[in-house]
Amino acid sequence: MAKNLLIVESPAKAKTIEGYLGKDFTVKSSYGHIRDLVKSEDAIDIANNFKQKYEVPADKKQVVSELKKLAKEAEMVWLASDEDREGEAISWHLYDTLNLKEDRTKRIVFHEITKPAILRAIENPRQINYNLVNAQQARRVLDRLVGFELSPVLWKKVKPSLSAGRVQSVAVRLIVEREREINKFQSEAAFKIVAIFGKGKEAFKAELPERFAKQEDAEKFLQDCVGADFTVASLETKPAKRSPAAPFTTSTLQQEASRKLGYSVSRTMSLAQRLYESGYITYMRTDSVNLSDVALAAAASEINSAYGEKYHQQRKYKTKSANAQEAHEAIRPTYFDRHSIDGDNAEKRLYDLIWKRAIASQMSEAQFEKTTAKISISTRNEQLTANGEVMKFDGFLKVYLESSDEEDENQQDGDNTMLPPLSKGQVLNLQELTATERFSRPPARYTEASLVKKLEELGIGRPSTYAPTISTIQNRGYVVKEDREGKQRNFRVLTLKNGSISKEEKTENTGAERGKLFPTDIGAVVNDFLVQYFKGIVDFNFTASVEKQFDEIAQGMKEWTDMIRKFYDPFHKEVEKTIETADKARGERELGTHPESGKKVSVRIGRYGPFVQIGENDDEDKPAYASLRTGQSIETISLEEALELFKLPKKVGVYEDKEMTVAIGKFGPYIRHNSAFYSLPKGTDPLDVSEQLAIEIIEEKRKKDAEKLIKVFDEDAEVKILNGRWGPYIEYGKQNIKIPKGKDPLTLTFDEVKALAGEAGKEPKKGGKKFVKKK
DNA sequence: CAGTGAGCGAGCTTCCGCTTGACTT
């Protein structure tokens, strides 16, 4: 039995370290926290100085009992959890739970998993820092108190099962407020002037820095340019440079993987986890941009041998975020000379991104020569500007270019172009001059990754929680990630060519979105409720201000119970007051009156989501109801759109003695007939479907289904074999079952099919929970 | 892929941060 037991947080880390330390050390992992507050109400004894009640969760019992056993046998236990608030608390929980003894326990820390760093740590043990532990307890207790007092308020005032918390509620607020900014945004049009001079290879573009708000001014400008002289008025050449970005942290990795590879935040994290467990990269949940000395040296030697010494430039980056805890290194390849890895395509691409970013971070800057030419117009006072850029030395750009969030349209056609040789006073030959109507753009909706970026800037959330937070706000129904179709918009283009001006109207698609975060109505209502009654909690600075106090606790300058008391008492009062006085929040909005009946038309949130109501609840004839459709919201729906909803579902006729009804569902418009669904062909207006057309659609679908059918097993046709997109499969009630390799679908017997259904272990899904009245 | 939409009834829900697998498609 080894004399020493060393405990870290992550099992992959434990493996690596065991290799560094040899036989005298057993290295084990705690798998993160081993204890948490109990789930029940009495987790925190508020009257008794917020005394906490902890328990070892079921899935950690085994880890704890193994560690207990090993600790008993070891001469010395080394607590090597991360050097941050949570890590210190993990060490203390271990100390307490494993019943460790002070003289046989040492606390050590390292920020990088390299042999020298580990050995140095072992040479410099210390004690558990209880100030830091207290800061963690304050954090934990505050989050529990906020979450478990606010959520029940929402259950009472909005809807059951909702949630609120220090982090998620701010994330939702950001999305709700951004959506409102976009909705109230008034786009302004202006004409942008672009000139093309010269021909063929010598051709280049110049722009007018100003834009014209009115078409007549743009037209006047083009008029004036007919037959005008264009002369190079000035020519300026300046050197410019660009420096590489810091190596990845969790948040920047998520952003770049989203922009460059199109990965969702959770996909990036699970791929990174696999790379980490395979030993290809360092730890992927980090807020540090720091590289170890070992890594700096390895990167240097790799760059020198692969690209030459002039491409190397050692750089040490400093974090920009105020509450970074920097317990780990930046995310980097474990070995810089490993240019590619074994793995699936997605893993390879992510590794490639990490490798390039880390290597580039240690490379020299790229050098450019930027040329600006100003071009005067004989008939006008304004000057056109042409920009050219020539790369003199590629530096880090040899391997990596960071992408940006803003798709700036000026950037795309203006920069990175070369100008032909020009001289001052040179007269230019105008090929074409255009005035194109351009529109100012609303702020961009958040993607998962840009939301993470924003949260990090606000100091809200941690590397380990960005991905789960994004899932939570979607799971609660506050936010949806969606594509939305854009709208057609006309814009005008005036062109001066060969001495004459032509006008044209073109169309473009605008406002189309892919994979963006949209608030739902329930998200908006919950947000407004929290902003109204708990402004302090959903304030963007709330986390920053409590973090400051946690820091003071960590430095021993503040008592954690005092801090929590000062927060809790007034907060709890607000909670009680709100429960007592606040009205139920339903986000109700009146749209106007029904043009025929004169009844009130309103929208609000109901048990099953947002809906329109025509008439009052206590009217003699019952009100009519209709649910809102995907993409519609309480806040933006118009009276006309609301009334449209009542035109469907619509009975369009009878076929085979059964009614056909047209309606709009989750997947678009459809015909319902005899409890079967038939999608309408694209482009068909659901209000315009005749009996004849409906019958055609149904017969067409049946014909196609019949072609797919291979074999029917029972009379009700609930079990059959079909030809699917990827080959034959069994339809077993509502479940689809794959036919195993080597089985011929034509010779399968009913018993074999039943066995397959059983093997798959697929019981029909049970319906939602139902309330059973107690007798 | 329906239509539903009051309050009542009983007993549920919920936080943030630190870690991985065990699940299904």
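A, B, ... follow the sequence lines: proteins, then strands. Residue 1 opens every chain.
A distance of 6.0 Å or more separates the ring centres of A:Tyr678 and A:Tyr670. Two rings, from A:Phe529 and A:Tyr533, have their centers less than 6.0 Å apart.
A:Thr465 has a side-chain polar atom (N or O) that falls below the 4.0 Å cut-off from OP1 or OP2 of B:dG17. One finds no side-chain N or O of A:Arg672 lying less than 4.0 angstrom from the OP1 or OP2 phosphate oxygen of B:dG3. OP1 and OP2 of B:dC1 both lie 4.0 Å or more from every side-chain N or O belonging to A:Arg629. The shortest distance between the side-chain N/O atoms of A:Ser151 and the OP1/OP2 oxygens of B:dC15 is not below 4.0 Å. Of the side-chain N and O atoms in A:Ser29, none sit less than 4.0 angstrom from OP1 or OP2 of B:dT19. Between A:Arg85 and B:dG17 there is no side-chain polar atom (N or O) within less than 4.0 angstrom of OP1 or OP2. Remark: A:Gln168 is in phosphate contact with B:dC15, judged by side-chain N or O atoms under 4.0 Å from OP1 or OP2. Residue A:Arg476 has a polar side-chain atom (N or O) positioned under 4.0 Å from OP1 or OP2 of B:dT14.
Using a 4.5 Å heavy-atom threshold, the side chains of A:Arg604 and A:Val612 count as separate.
Among the candidates A:Val158, A:Ile537, A:Val538, the single residue satisfying the side chain to side chain contact (heavy atoms under 4.5 Å, CB included) test with A:Leu530 is A:Val538. Of the listed residues (A:Ile564, A:Leu37, A:Val38), just one forms a side chain to side chain contact (heavy atoms under 4.5 Å, CB included) with A:Ile44, and that residue is A:Leu37.
Counting any heavy atom pair closer than 4.0 Å across all strands shown, A:Pro623 reaches no nucleic acid atom. Residue contacts shown for A:Asp82 are limited to sugar-phosphate atoms, with no base heavy atom under 4.0 Å away. Counting any heavy atom pair closer than 4.0 Å across all strands shown, A:Ala164 reaches sugar-phosphate atoms only and no base atom. Among the protein residues, A:Tyr276 comes within range of the sugar-phosphate backbone only, with heavy atoms under 4.0 Å from sugar or phosphate atoms but none that close to a base.
Residue ring and base: A:Phe148 counts as stacked with B:dT14 (centre distance below 5.5 Å, interplanar angle below 30°). Remark: ring of A:Phe677 stacked against base of B:dC1; centroid gap under 5.5 Å, plane tilt under 30°.
Distances from the side chain of A:His33 to the nucleotides B:dC18, B:dT13, B:dG5 place B:dC18 closest. Among B:dG5, B:dC16, B:dT19, the nucleotide with an atom closest to any side-chain atom of A:Asp143 is B:dC16. Picking from B:dT20, B:dT19, B:dC16 the nucleotide with the shortest atom distance to the side chain of A:Arg166 gives B:dC16. Residue A:Glu9 places its side chain closer to B:dC18 than to any other of B:dG3, B:dC18, B:dG21. Nearest nucleotide to the side chain of A:Phe611, out of B:dC18, B:dG5, B:dC15: B:dG5. Distance from the side chain of A:Met284 is smallest for B:dT20 among the nucleotides B:dT20, B:dG5, B:dC18. The side chain of A:Tyr283 has B:dT20 as its nearest neighbour among B:dC15, B:dC1, B:dT20. For A:Pro160, the side-chain atoms get nearest to B:dT13 when compared with the rest of B:dG7, B:dT13, B:dT14.
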task = May I have the step-by-step check of side chain to side chain contact (heavy atoms under 4.5 Å, CB included) for A:Ser30 and A:Ile90, ending in yes or no?
result = CA-CA 8 Å; A:Ser30 73; A:Ile90 288 173; 3.9 Å; yes
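The base of B:dC18 does not come close enough to the side chain of A:Arg462 for any donor and acceptor atom to sit less than 3.5 Å apart. Between the side chain of A:Ser161 and the base of B:dT13, a donor-acceptor pair under 3.5 Å is found.
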